[in-house]
Amino acid sequence: MVGRLLLRGMIVGALAGILVFAFAHTFGEPQVDWAIGFEEKVAQAAGEAPEPEIVSRATQAGPGLLTGAILFSTAIGGLFALVFSFVYGRISPLGARGTAVLLAIAAFVTISLVPDIKYPANPPAVGNPDTIGARTELFFIMIAASIVGMIVAIGLGRRLAARYGSWNGTIIAGIGYIAFIALIQYLLPSVNEVPEQFSAVVLWKFRVTSLGMHVILWTTLALGFGAWAERELPQTRYRSNATLRRA
């Protein structure tokens, strides 16, 4: 059954990749073109020779972007299916669709939204090439901290639910997660390498588009995979911590 769910997750992920590509190609690539033009103007003003174009922009914005979106989304879909297989019937009394939606929301917040608040995506011409390694490390540290915080919050919420009820336990655990993330984001250094002449509108549109790509990915996985999994899986009886202690 896990193998069948894995295959379905990868198929839904591939379909999500096509949607992500269409969205990115329509709304993101114009911002990338503007940023590349800005970068070239800055280089010309500084008397620097333009870098040779190894891959044409048409290839980058077309087949390259499509291939990358599908491969990435397929991999995420497979991981989503594996995590779903583990948590189904363990963290909530919801069925397959409800569990898929709940898992997708948690994944979006943990992996996409929270790291993006601290270290948002930037188009070309934004960022110092000499600091790309440090910036990448900080971004992955933020993702790792967010994942650990979410796992701890879920475990804490289950324990508190047995004593104070589901709503109260969830609220307390959620507040704890927010406080933990706020502390981590405060401790991690900020990065601001946007050139003064760079268009704020282009930067904003690029970052919104980047976040929108994640929304499309996780929404497609939640709805598509959840509906498909519901046909395959029997209804699993949820066993809370209180039930497990009485068993």
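Treat the numbers as computed from the prediction; the structure is a model and nothing was measured.
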At what distance, to the nearest 0.5 angstrom, does CZ of F108 lie from OG1 of T219? 8.0 Å

For the OG atom of S210 and the CZ atom of F27, what is their distance to the nearest 0.5 Å? 14.5 Å

What verdict does the side-chain contact (heavy atoms from CB on, under 4.5 Å) test give for L203 and F198, after you've listed the backbone C-alpha separation in whole Å, the side-chain angles of each residue and the deciding distance to 0.1 Å? CA-CA 8 Å; L203 183 63; F198 197 89; 4.0 Å; yes

Decide whether S199 and W34 meet the rule of one side-chain donor and one side-chain acceptor closer than 3.5 Å. no

Transitively linked via ILVMFWY side-chain contacts under 4.5 Å: V208 with M213? no

Evaluate the side-chain proximity of R207 to L211: yes if any heavy-atom separation is below 4.5 Å, no if none is. no

Are the side chain of T131 and the backbone N or O of A134 linked by a donor-acceptor pair below 3.5 Å? no

Are the side chain of E193 and the backbone of N128 linked by a donor-acceptor contact shorter than 3.5 Å? yes

Can you tell if the side chain of V20 reaches within under 4.5 Å of the side chain of F72, non-hydrogen atoms only? no

T220 side chain to I216 backbone, donor-acceptor under 3.5 Å: yes

Is it true that L188 and F140 fall in one hydrophobic cluster, defined by side-chain heavy atoms closer than 4.5 Å? yes

Start with the C-alpha distance between V12 and F80, add both sets of side-chain angles, then the distance that settles side-chain contact (heavy atoms from CB on, under 4.5 Å), and finish with yes or no. CA-CA 10 Å; V12 176; F80 182 84; over 6 Å; no

Output, in order, the C-alpha distance, side-chain angles, deciding distance and verdict of side-chain contact (heavy atoms from CB on, under 4.5 Å) for W218 and I76. CA-CA 9 Å; W218 294 113; I76 293 297; 3.5 Å; yes

What one should report as the nearest heavy-atom pair of G13 and S73 is O-CB, 3.0 Å

Chi angles and distances behind the side-chain contact (heavy atoms from CB on, under 4.5 Å) call for Y177, T110: CA-CA 10 Å; Y177 173 75; T110 304; 4.1 Å; yes

So, do F21 and I70 sit near enough that their side-chain heavy atoms are less than 4.5 Å apart? no

Residues L6 and A81: closest non-hydrogen pair is CA-CB, 3.8 Å

To check you understand the geometry: which heavy-atom pair defines the closest contact between S112 and H214, and what is its length? OG-ND1, 3.1 Å

Taking Q185 for its side chain and V114 for its backbone only, find out whether a donor-acceptor pair lies under 3.5 Å. yes

Could you see if I181 belongs to whatever hydrophobic cluster contains I143? Use Ile, Leu, Val, Met, Phe, Trp, Tyr and a side-chain cutoff under 4.5 Å. yes

Closest contact, heavy atoms only, F206 versus N122: CE2-C, 3.3 Å

Can you tell me how far the CG atom of L71 sits from the CG atom of L66, to the nearest 0.5 Å? 9.0 Å

Distance col, row R8:CZ vs R231:CZ, nearest 0.5 angstrom, shows 10.0 Å

Min side-chain heavy-atom separation E29-L65 under 4.5 Å: yes

When you look at CD1 of I132, are more than 12 heavy atoms from neighbouring residues, nucleotides or ligands closer to it than 6.0 Å? no

Mark yes or no for whether T209, through its side chain, and K205, through its backbone, hold a donor-acceptor pair below 3.5 Å. yes

Output the distance between atom OG1 (T170) and atom OH (Y164), rounded to the nearest 0.5 Å. 14.0 Å

Do I117 and I184 belong together in a cluster built from hydrophobic side chains that touch within less than 4.5 Å? yes

Heavy-atom closest pair (Y88 atom, A96 atom, distance to 0.1 Å) is CE1-N, 3.5 Å

D116 and A121 have their tightest heavy-atom pair at OD1-N, 3.4 Å

Heavy-atom side-chain proximity of P123 to Q31 below 4.5 angstrom: no

Can I147 be reached from I141 by stepping across I, L, V, M, F, W or Y side chains whose heavy atoms are under 4.5 Å apart? yes

